[in-house]
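Chain naming here is simple, since letters A, B, ... match the order of the sequence lines and numbering starts at 1 in each.
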Number of protein chains: 2
Amino acid sequence: MKSYSIGQIADMFDLPISTLRYYDKEGLFPELHRSGNRRLFTEREIDALRVIECLKASGLEIRDIKQFMQWCSEGPSTYAQRKQLFEDRRDAVLKEMEQLRKTLDLLQYKCWYYETALTDGHEDRIQSMLPDGLPANIQKLYDNAFKE
Amino acid sequence: MKSYSIGQIADMFDLPISTLRYYDKEGLFPELHRSGNRRLFTEREIDALRVIECLKASGLEIRDIKQFMQWCSEGPSTYAQRKQLFEDRRDAVLKEMEQLRKTLDLLQYKCWYYETALTDGHEDRIQSMLPDGLPANIQKLYDNAFKE
DNA sequence: CCTTGACCTAAAGTCAGGTTTAGGTTGTAT
DNA sequence: ATACAACCTAAACCTGACTTTAGGTCAAGG
């Protein structure tokens, strides 16, 4: 089976070699083999890295990613846990996206605010519109950002 | 003008008092006054905290939030920089949302994967569908996640 | 008076997620 | 045979964002 050196994988994923060694030390590649003392990455580890990047992007910590990788090497008996993990991450990402949407609304409001301030040379006119006399589209951004 | 103690603000924003003191030490409230040696928070600092939470959620570091707060206390001459900052954060958040959308697609694919594996009792049938013989809706998730 | 609660400071500690350093091995090209 | 690139380890170091600790001030209530 085809295998790759740590340097090749680093190039493939645009990661520092030190990060790959750190991941290995943290147990993220429980099945990684060696030739002599050199790591041999295979399609298995490449798949693992894709999942690692996904789980990291979802906000999961290294120690929990390790847990997942261990489940993977324990076979079918852990399907239920693995499914649960991905459902939890999906829910966490949906929540994070909702939070970002609110953040975005406030940022867009602020973009409008400073564009207006720049045109006017002061904030007086805008301040006099607050908190609920803004142009309708802008008012919506402002309200959304603080809603809940 | 109405003012609040650090404890009242902590309750208001559901933040530890130590965090508020840390923010102050880092220069996030450049105009904060005191009575004796006690901090007096006003509407100004409450607004500041709302912006701090937004900028933090957008991924900005404390030192850059400090810069923004200093611009705010320098008056109209910094409107352009402040506007640019919010435009940059808006773009950063849009990028992050796009990244999260891809992450979500892979997570949903994995949810399907393990649901199927759990039903089948093994991964063999799924593996034989890879990389492009998945059900159409699932194939789309899988493709989106790795698309550039 | 003295205790209690809410505040204060400076400095040290914590935690995640790496990165850097120092020193060593191995395989190939000149 | 030697130089060089690419790999290895253990351990120390780094950064950001807090949190904890230790010790102190101060006003109000019993």
Distance, rounded to the nearest Å, where Asn37(B) contributes CG and dC8(C) contributes C1': 5 Å

Please report the distance, rounded to the nearest Å, between CZ in Arg34(B) and C1' in dC26(D). 15 Å

Side chain to side chain donor-acceptor pair (under 3.5 Å) partners for Arg21(B), two or more places apart: none

Short side-chain N/O contact to dG18(C) OP1/OP2 from Tyr23(A), under 4.0 Å: yes

Does a nitrogen or oxygen in the side chain of Lys66(A) sit under 4.0 Å from OP1 or OP2 of dG17(C)? no

Do Lys110(A) and Tyr113(A) meet the cation-pi criteria used here (NZ or CZ under 6.0 Å from the six-membered ring centre, within 45° of the axis)? yes

Please tell me which of Glu61(A) and Arg39(B) maps to the more 5' nucleotide of DNA chain C, matching each residue to the nucleotide holding its nearest heavy atom. Arg39(B)

4.5 Å side-chain heavy-atom contact, Glu53(A) and Leu15(A): yes

Have a look at Lys25(B) and say if it touches a base, only the backbone sugar-phosphate, or nothing, with a 4.0 Å heavy-atom cut-off. nothing

Can you confirm whether Leu106(B) sits close enough to Asn144(B) that some side-chain heavy atom of one is under 4.5 Å from a side-chain heavy atom of the other? no

Per Arg38(B) side chain, nearest of listed nucleotides dC26(D), dG17(C), dT25(C): dC26(D)

Within residues 4-21 of chain A: residues closer than 4.0 Å to DNA chain C (heavy atoms): Pro16(A), Ser18(A), Thr19(A)

Checking dC8(D), dG17(C), dC8(C) against the side chain of Tyr22(A) (C-beta onward), the nearest is dG17(C)

So, do Ile46(A) and Phe13(A) sit near enough that their side-chain heavy atoms are less than 4.5 Å apart? yes

Report yes or no: does Gln139(A) contribute a side-chain atom to a donor-acceptor pair with the main-chain N or O of Leu134(A) at less than 3.5 Å? yes

Which part of the nucleic acid, if any, lies within contact of Glu26(A), taking any heavy atom under 4.0 Å across all strands shown: a base, the sugar-phosphate backbone alone, or nothing? nothing

Report the distance from atom CG of Leu32(A) to atom C1' of dC7(D), rounded to the nearest whole Å. 13 Å

